[in-house]
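What follows is a short report on a single structure.
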Amino acid sequence: QVQLVESGGGLVQAGGSLRLSCAASGLTFFSSNMAWFRQAPAKERECVAAINWGGSTTIYADSVKGRFTISRDNAVRMVYLQMNNLKPEDTALYYCAEDMVLRLGASPKYWGQGTQVTVSS
């Protein structure tokens with residue numbers, strides 16, 4: 001059974017940083033691409049970053065390139081999203097996701113429950 005548990009969200013001022021973490025369970029993690037999605041109120045859910053199973057390939061939405069970094073540590077079954085220079089438009093519920101084709105428009109098989117990120121101006 002796959003479980004994804006996010007943590008690290010919170011309230012931060014514009015220009016600040018946050019690091020989101022995702023703890024994954026299940027045997028599929030080691031062979032799965034992973035991703036971070038976000039959904040703001042009244043907006044569609046979007047993929048902001050994804051990483052392949054080995055950690056050698058990453059992709060990013062244009063809106064976060066140069067500010068966000070996705071990484072993973074397979075030894076401890078964790079995925080991270082380092083978010084720097086945060087902007088008010090980054091405010092959203094952020095989800096960890098597992099098992100998807102490595103492209104921004106793909107649909108993952110598994111989802112976490114989400115962690116809220118709020119950026120004040």
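The analysis underlying the following values was restricted to heavy atoms, covering all of them including side chains, and did not include hydrogens, waters or symmetry mates.
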Interatomic distance, E89 atom CD to T91 atom OG1 [nearest 0.5 angstrom]: 8.5 Å
Closest non-hydrogen atom pair, A23 against M78: CA-SD, 3.5 Å
Smallest separation among heavy atoms of A92 and Q116, with atom names: O-NE2, 3.4 Å
Test item: R72 side-chain N/O and N52 main-chain N/O as donor-acceptor pair under 3.5 Å: yes
Which atom of F37 lies closest to which atom of P108, heavy atoms considered: CE1-CG, 3.4 Å
Steps toward side chain to side chain contact (heavy atoms under 4.5 Å, CB included) verdict (D90, R67): CA-CA 11 Å; D90 294 319; R67 300 188 298 121; 2.7 Å; yes
Backbone of L93 reached by a side-chain donor or acceptor of Q39 within 3.5 Å: no
Exceeds 12 heavy-atom contacts within 6.0 angstrom, atom CH2 of W53: no
Nearest atoms (heavy-atom pairs only) where C47 meets M100: SG-CE, 4.5 Å
Spacing of CD belonging to Q3 relative to CD belonging to Q113, to within rounding of 0.5 Å: 9.5 Å
Straight-line distance of E6 CD to C96 SG, nearest 0.5 Å: 5.5 Å
Cation-pi, Y80 ring and R19 (6.0 angstrom, 45 degrees): yes
Distance-minimising heavy-atom pair for S17 and Q82: CB-NE2, 4.0 Å
Linked hydrophobic residues, V117 as query - side chain contacts closer than 4.5 Å: V2, L4, V12, L18, L20, F29, F30, M34, W36, V48, I51, Y60, V64, F68, I70, V79, L81, M83, L86, Y94, Y110, V119
SB check D62 K65 (cutoff 4.0 Å): yes
Salt bridge present between R38 and E46 (N-O < 4.0 angstrom): yes
Any donor-acceptor N or O pair under 3.5 Å, side chains D99, S32: no
